[in-house]
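What follows is a set of notes on a single structure, which appears directly below.
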Amino acid sequence: METQRPTLREDLGRAREERAVHLWGAIGSAIVSIFVPILGLITAYSGYKLTDVMSRRWFGLLLAAFGLANVVSWILWLAMLAGYI
């Protein structure tokens with residue numbers, strides 16, 4: 001018997017039921033990390049934890065990569081201001 005893969009909406013609903021803190025933490029901190037890049041660490045952690053719940057690992061990994069990109073760009077910007085780069 002063939003099992004059907006859940007839709008993205010069903011997958012997000014499952015994540016909201018099982019790990020609501022990580023889902024909303026990842027989405028909220030991703031938005032705020034554009035202005036406060038250190039919050040990208042929360043985005044990365046929460047996005048990674050979503051990969052345990054969702055059948056679509058790419059969604060959590062995309063959020064994690066976005067958060068890490070914000071943190072890395074902030075560190076590079078600080079290094080550039082300090083004259084290391």
Side-chain angles (χ1 to χ4, degrees):
M1 221 165 136
E2 193 173 314
T3 60
Q4 186 176 358
R5 187 173 178 174
T7 64
L8 182 60
R9 182 175 288 199
E10 292 169 347
D11 218 6
L12 286 171
R14 181 175 167 208
R16 189 182 68 230
E17 290 172 4
E18 294 184 25
R19 300 251 173 109
V21 172
H22 291 298
L23 179 65
W24 294 116
I27 292 171
S29 63
I31 294 168
V32 176
S33 72
I34 295 170
F35 305 106
V36 184
I38 195 71
L39 292 178
L41 294 174
I42 296 172
T43 307
Y45 176 75
S46 294
Y48 177 72
K49 293 304 266 181
L50 284 176
T51 61
D52 296 338
V53 177
M54 299 178 72
S55 64
R56 288 175 172 79
R57 292 180 49 95
W58 64 265
F59 187 80
L61 293 176
L62 181 69
L63 286 170
F66 182 77
L68 286 178
N70 283 335
V71 171
V72 168
S73 67
W74 178 62
I75 291 172
L76 290 174
W77 180 72
L78 289 176
M80 186 177 65
L81 286 179
Y84 293 117
I85 295 177

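Remark: Arg14 CZ to Asp11 CG distance equals 7.0 Å, nearest 0.5 Å. Rounding to the nearest 0.5 angstrom, the gap separating the OG1 atom in Thr51 from the CH2 atom in Trp58 is 13.5 Å. Considering OH of Tyr48 and CG of Leu61, their distance stands at 9.0 Å, rounded to 0.5 Å. Here the CG-CD1 distance, from Asn70 to Ile34, works out to 6.5 Å after rounding to the nearest 0.5 Å. Atom CE of residue Met54 and atom CG of residue Leu8 lie 6.0 Å apart, to the nearest 0.5 angstrom.
A donor-acceptor contact shorter than 3.5 Å is absent between the side chain of Thr43 and the backbone of Gly67.
Nearest approach of Ser29 to Gly25, heavy atoms of both residues: OG-O, 2.5 Å.
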- Task: Report the C-alpha separation of Ile42 and Leu39 in whole Å, then their side-chain angles, then the decisive distance to 0.1 Å, and conclude whether the side chain to side chain contact (heavy atoms under 4.5 Å, CB included) test is met.
- Result: CA-CA 5 Å; Ile42 296 172; Leu39 292 178; 3.7 Å; yes
- Task: For the pair Thr7 and Glu10, evaluate side chain to side chain contact (heavy atoms under 4.5 Å, CB included) and give the outcome as yes or no after the intermediate values.
- Result: CA-CA 5 Å; Thr7 64; Glu10 292 169 347; 3.3 Å; yes
- Task: Please step through side chain to side chain contact (heavy atoms under 4.5 Å, CB included) for the pair Ser33 and Phe66, ending with a clear verdict.
- Result: CA-CA 9 Å; Ser33 72; Phe66 182 77; 3.9 Å; yes
- Query: Should Arg57 and Leu50 be marked as a side chain to side chain contact (heavy atoms under 4.5 Å, CB included) after you check the CA-CA gap, both sets of side-chain angles, and the distance that decides it?
  - Reply: CA-CA 8 Å; Arg57 292 180 49 95; Leu50 284 176; over 6 Å; no
- From CA spacing to verdict: ring-ring contact (aromatic ring centres under 6.0 Å, His included), Tyr45, His22: CA-CA 8 Å; Tyr45 176 75; His22 291 298; 5.7 Å; yes
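Linking Ile, Leu, Val, Met, Phe, Trp and Tyr whenever their side-chain heavy atoms come within less than 4.5 Å puts Met80 and Ile75 in one cluster. Hydrophobic cluster membership is shared by Leu78 and Leu41, with clusters built from Ile, Leu, Val, Met, Phe, Trp and Tyr side chains linked at under 4.5 angstrom. Hydrophobic clustering places Trp74 together with Leu81 (ILVMFWY residues linked when any side-chain heavy atoms are closer than 4.5 Å, directly or through intermediates). Following chains of ILVMFWY side-chain contacts shorter than 4.5 Å, one cannot reach Ile38 starting from Ile31, and the two form parts of different hydrophobic clusters. Cluster annotation: Leu68 is not connected to Trp77 through the hydrophobic network of ILVMFWY side chains, with a link wherever side-chain heavy atoms come within less than 4.5 Å.
By the 4.5 Å heavy-atom criterion applied to side chains, Ser55 and Pro6 are counted as neighbours.
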